[in-house]
Amino acid sequence: SYSPEPDQQRTLPPGWVSLGRVDSEEELSLTFALRQQNVERLSKLVQAVSDPGSPHYGKYLTLEDVAELVRPSPLTFRTVQKWLSAAGARNCHSVTTQDFLTCWLSVRQAELLLSGAEFHRYVRGPAEIHVIRSLRPYQLPKALAPHVDFVGGLHRFPPTSSLRQRPEPQVSGTVG
Amino acid sequence: LHLGVTPSVIRQRYNLTAQDVGSGTTNNSQACAQFLEQYFHASDLAEFMRLFGGNFAHQESVARVVGQQGRGRAGIEASLDVEYLMSAGANISTWVYSSPGRHESQEPFLQWLLLLSNESALPHVHTVSYGDDEDSLSSAYIQRVNTEFMKAAARGLTLLFASGDSGAGCWSVSRRHQFRPSFPASSPYVTTVGGTSFQNPFRVTTEIVDYISGGGFSNVFPQPSYQEEAVAQFLSSSPHLPPSSYFNASGRAYPDVAALSDGYWVVSNSVPIPWVSGTSASTPVFGGILSLINEHRLLSGLPPLGFLNPRLYQQRGAGLFDVTRGCHESCLNEEVQGQGFCSGPGWDPVTGWGTPNFPALLKALIKP
């Protein structure tokens, strides 16, 4: 097996408190980022449509054109879908570009599928925002390495606002 | 004289007249997204426009809200994003994306990326207040999200990200201090917006650096060719460069542009709140002004601006007020004493090319 995100920070961000392990029958919604094709070509297309000196400037692609270009290979589809359905994943939804798959699994199924993961519930601040995350790293079968970029919903916590209310500025000698 | 930034102050400073509003006859549209699990209240927007929207045509409500709304208290960020996007980009159809109500095991920002990959008809301009330290994210995640921004750029969407509110940032790597870049601000496929203050906080005057304005050099993404010349110019001429060990001079440098980020009035939960500051204020302002330029382009039968950076750097920031005074914050130590980069003539990693001068920016960007 291999770890898709060995360098992802997995410490509990300030302000979050653990409420303990999640019941193994609870349901999780996890997002699988499938390996795309033709990313290099996509980069060149972006340059062509964004460079005022290019004859293609402003000639943008539609979502369907982009889907045509980056959609994962049939092998990636088959491999990932076989892997997920064997694990009991259900209600899987894709997107137009077919490079993301969101599925529902029980905690038990997810912890078997993503070996090493351990799901806990966390809560933050007065707004009582709840999340379910795993601070432990997850591993995937090596056979998935060419097909999955990462799995969303395990390690990253929602951000906090950086807006601040500053004290009213004091400018000497002007407005009273 | 003024007692804090309101739409009138923004429109005066950036030379927006009462005529500089959406025509209501095009398919122009804009959106703001925040992932703080905050609610947006339509009643706050109506109250804000009643208080501050008297001298320009504007829409009283948003065209679409993505994500459950209404039950919880409104959040200042959600309120501020909408109120200033719809004041700068006045009378233009506006979407609000805020993610309350998602399942506990989902990542709000990732859900927004899935939305981009699933809707054919999206607004042309998206202003996004979200950022994480680059070093806290896995390379698999960062690279994939960067590809999602490429997909949006290929479709002609303009993505504007706040540059962050910690100046150059600071962290310790093997017991040595370094500046700490932020992502998605450091993605080469988005336009990043820094922050400024008025030189005199009670007057509409020259802008100087707001010391919180995020900026610097990516440790993940190499410098894109479109900005090499501008960055080399800065590095060879700035009299206040920090020690080179603090930053990666060959990385993607940001921000690209800036706008006022200090001392805003916001209406949230029916209460007018003064002196709100952050680059999540400057981002919707700049986004709204780009929407106005898209309005003129669409009326002339031209495509929307799309991914702006190649053109912005090619035109060397034409149409922007150059901000040349002030420095942003960084590490509090003997070596740099809390000072990161300083602004200077032309592009700099604190305010980019500068802040929008609408008539001049329109002239620079209306050409095919």
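Convention: sequence-line order gives letters A, B, ...; per-chain numbering from 1. The structure presented is a predicted model; accordingly, all values stated were derived computationally and were not measured. Values reported hereafter were calculated over all heavy atoms of this structure, with side chains retained and with hydrogens, waters and symmetry mates removed.
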Measure the spacing between OG of B:S163 and NE2 of B:H328 and express it to the nearest 0.5 Å. 9.0 Å

Could you check which of B:P310, B:S117, B:S261, B:A162 has the highest count of heavy-atom pairs closer than 4.5 Å to chain A? B:S117

Applying a strict 4.5 Å limit to non-hydrogen atoms, the region of A:L34 in contact with chain B is backbone

Under the side-chain hydrogen bond (donor to acceptor under 3.5 Å, both in side chains) test, which residues partner A:E64, sequence neighbours left out? B:S120

Closest-packed option against chain B by number of heavy-atom pairs under 4.5 Å, given A:Q9, A:R156, A:Q47, A:H130: A:R156

Can you tell which part of B:P224 gets under 4.5 Å to a heavy atom of chain A, answering side chain, backbone, both or neither? neither

Is the backbone of B:S187 close enough, under 3.5 Å, to the side chain of B:R252 for a donor and an acceptor to pair up by distance? yes

From B:L290 CG over to B:T158 OG1, what is the distance, rounded to the nearest 0.5 angstrom? 6.5 Å

Hydrogens and angles aside, do A:S54 and A:H56 bring a side-chain donor and acceptor to less than 3.5 Å of each other? no

Please find out if less than 6.0 Å separates the ring center of A:H155 from that of A:Y138. yes

Between B:P108 and chain A, which part of the residue has a heavy atom less than 4.5 Å away: side chain, backbone, both or neither? side chain

Under 4.5 Å from a heavy atom of chain B, the part of A:T11 involved: neither

Side chain, backbone, both or neither: which part of B:E148 has an atom under 4.5 Å from a heavy atom of chain A? side chain

Do B:S213 and B:D210 get their side chains close enough for a donor-acceptor pair, meaning under 3.5 Å? no

Using heavy-atom distances under 4.5 Å, tell me whether A:S29 contacts chain B through its side chain, its backbone, both, or neither. both

Classify the side-chain pair B:D165/B:T279 by whether it contains a donor and acceptor separated by less than 3.5 Å. yes

When the ring planes of B:F307 and B:Y226 are compared, do they come out parallel, tilted or perpendicular, using 30° and 60° as the limits? perpendicular

Using non-hydrogen atoms only, which part of A:V131 is less than 4.5 Å away from chain B: side chain, backbone, both, or neither? both

So which residue, B:L80, B:I212, B:I76, ends up with the most heavy-atom pairs under 4.5 Å with chain A? B:I212

Quick check on B:E119 against chain A: is it the side chain, the backbone, both or neither that has a heavy atom closer than 4.5 Å? backbone

Applying the ring-ring contact (aromatic ring centres under 6.0 Å, His included) criterion to B:F161, which one of B:Y189, B:F149, B:F183 satisfies it? B:F149

Per-residue contact mode, B:Y130 against chain A (heavy atom under 4.5 angstrom): side chain

Choice from A:Y122, A:F157, A:Y57 maximising heavy atom contacts with chain B below 4.5 Å: A:Y57

With chain A, the option among B:L305, B:L116, B:L302 that has the most non-hydrogen atom pairs under 4.5 Å is B:L305

Looking at B:R144, B:E77, B:E107, which makes the most heavy-atom pairs under 4.5 Å with chain A? B:R144

Part of A:R133 within contact of chain B (heavy atom distance under 4.5 Å): side chain

With a 4.5 angstrom heavy-atom cut-off, could you sort out which part of A:D99 is near chain B: side chain, backbone, both or neither? both

Most heavy-atom pairs under 4.5 Å with chain A, out of B:S277, B:P303, B:A140, belong to B:S277

Flag the one option from A:S43, A:S94, A:S134, A:A48 with the top tally of heavy-atom pairs under 4.5 Å to chain B. A:S43

Under 3.5 Å, is there a donor-acceptor pair between the B:Y264 and B:D262 side chains? no

Toward chain B, the part of A:L45 with a non-hydrogen atom under 4.5 Å: neither

Looking at B:A153, B:G263, B:G156, B:G164, which one has more heavy-atom pairs under 4.5 Å with chain A than the rest? B:G156

Cut-off 4.5 Å, heavy atoms of chain B, and the answer for A:P159 is both

Donor-acceptor side-chain pairing of B:T205 and B:N200 below 3.5 angstrom: no

Do A:Q36 and A:R71 pair up side chain to side chain, a donor and an acceptor below 3.5 Å, judged on atom types alone? no

Region of A:L69 in contact with chain B, defined by heavy-atom distances below 4.5 Å: neither

Looking at A:R10, I'd like to know if its CZ atom is crowded, meaning that more than 12 non-hydrogen atoms belonging to other residues, nucleotides or ligands lie closer than 6.0 Å. yes

Using a 4.5 angstrom heavy-atom cutoff, name the option from A:L163, A:D65, A:D149 with the most pairs to chain B. A:L163

Portion of A:V66 that has a non-hydrogen atom of chain B nearer than 4.5 angstrom: side chain

Please report the interatomic distance CZ(B:F35) to CG(B:L110), rounded to the nearest 0.5 Å. 10.0 Å

